[in-house]
Amino acid sequence: MIIVIDGPAGSGKSSTAKAIANRLGIKFLDSGALYRAITYLWLESDKPGKAEFFENLSNVRLQADYRDQTFYVQADGKNLTDKIRTKYVADHVSEIASYKTARRFVNEFMRNLVKEDTYIADGRDLGTAVFPDADLKFYMDASLKERAKRRFLEMKASDESITLEDVMENLRSRDEKDQNRENDPLKKADDAIVIDTTGKSFEEQVQEMVSIIKENVNLN
Ligand code: CDP
């Protein structure tokens, strides 16, 4: 059983999906964290040809697990959960995510993971390319300014040098790359329910989506 949320960077998908997962007692799958993890692995490698590097990722023991309200990612036993949230990774992830071999690897990993449990997952192409038969699809959006403000407040806690302009530029450039790439671009699925969170409180949007899920999906 899989519920998906797609949408642009910083639209609140991950935090909303997590809150919904906790309320409904299901698991959360953060597809962006997987793209961030393989980006980190590439940046830390001696940087061979990219297509080839992602082709051979099945040699890396990638593990993902949702517990204690955190989506943990490990590669060959090394915990990457915090390492993938840096500006360095954020600045490279959309380029890496445009490679067909990278997408193939992450998609296969996710399809295997959800076989075992009920998940709510967030990403860019989940309702269109990865899980076209998902039990329910959402598309979350908000204005660029509001998305940048929210993300800036989150990042400022761990990086004092970051500015609102840096964050806005990173979101704008990632959205542009994600929407215009050839392989599985960011796109609303025809059957996705649109949730525009501009001006809505977090609690309001979570409540709205939980109600929609309860009306449309049999979670038992
Ligand atoms: O949380 P935020 O929206 O900032 O980004 P994320 O979900 O961590 O995803 C990081 C990047 O991974 C995105 O900007 C996309 O380039 C890529 N991504 C993707 O291509 N397809 C997905 N299903 C999820 C993420």
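Predicted model, so just to flag it, every value in this text is computed and none were measured. Read the numbers this way: they start at 1 and go in the same order the structure lists the ligands and their atoms.
- Exactly one of Ile195, Asp6, Asp196 qualifies for a side-chain contact (heavy atoms from CB on, under 4.5 Å) with Met140. That residue is Ile195.
- For atom 17 (C) of ligand 1, the nearest protein heavy atom (residue, atom name, distance) is Ala97 CB, 3.7 Å.
- Here Asp135 pairs with nothing under the side-chain hydrogen bond (donor to acceptor under 3.5 Å, both in side chains) rule; sequence neighbours left out.
- Looking at Ser94, Gly32, Ala129 and measuring to atom 6 (P) of ligand 1, the nearest heavy atom belongs to Gly32.
- Residues Leu43 and Leu34 share a hydrophobic cluster, clusters being chains of Ile/Leu/Val/Met/Phe/Trp/Tyr side chains in contact below 4.5 Å.
- At a threshold of 4.0 Å, the pair Glu169-Arg172 counts as salt-bridged, since one of the basic side-chain nitrogens sits closer than that to a carboxylate oxygen.
- The nearest protein atom to atom 10 (C) of ligand 1, hydrogens excluded, is given as Arg174 NH1, 3.4 Å; this is a heavy-atom distance.
- When non-hydrogen atoms are compared, ligand 1 lies under 4.0 Å from the backbone of Arg124 as well as from its side chain.
- Between Lys200 atom NZ and Glu146 atom CD the span is 11.0 Å, to the nearest 0.5 Å.
- Tyr35 CD1, 3.6 Å is the protein heavy atom nearest to atom 18 (N) of ligand 1.
- One option in Arg103, His92, Glu95 has a heavy atom closer to atom 19 (C) of ligand 1 than any other, and that option is Arg103.
- At most 12 non-hydrogen atoms from other residues, nucleotides or ligands lie less than 6.0 angstrom from NZ of Lys83.
- Ligand 1 has no nitrogen or oxygen under 3.5 angstrom from a nitrogen or oxygen of Ser14.
- Residue pairs satisfying the ring-ring contact (aromatic ring centres under 6.0 Å, His included) criterion with at least one member in residues 33-61, sequence neighbours excluded, are listed as follows: Trp42-Phe53.
- Within the structure, the closest approach of Arg151 to ligand 1 falls below 4.0 Å when heavy atoms are considered.
- The nearest heavy-atom contact from the protein to atom 8 (O) of ligand 1 is Arg36 NE, 2.6 Å.
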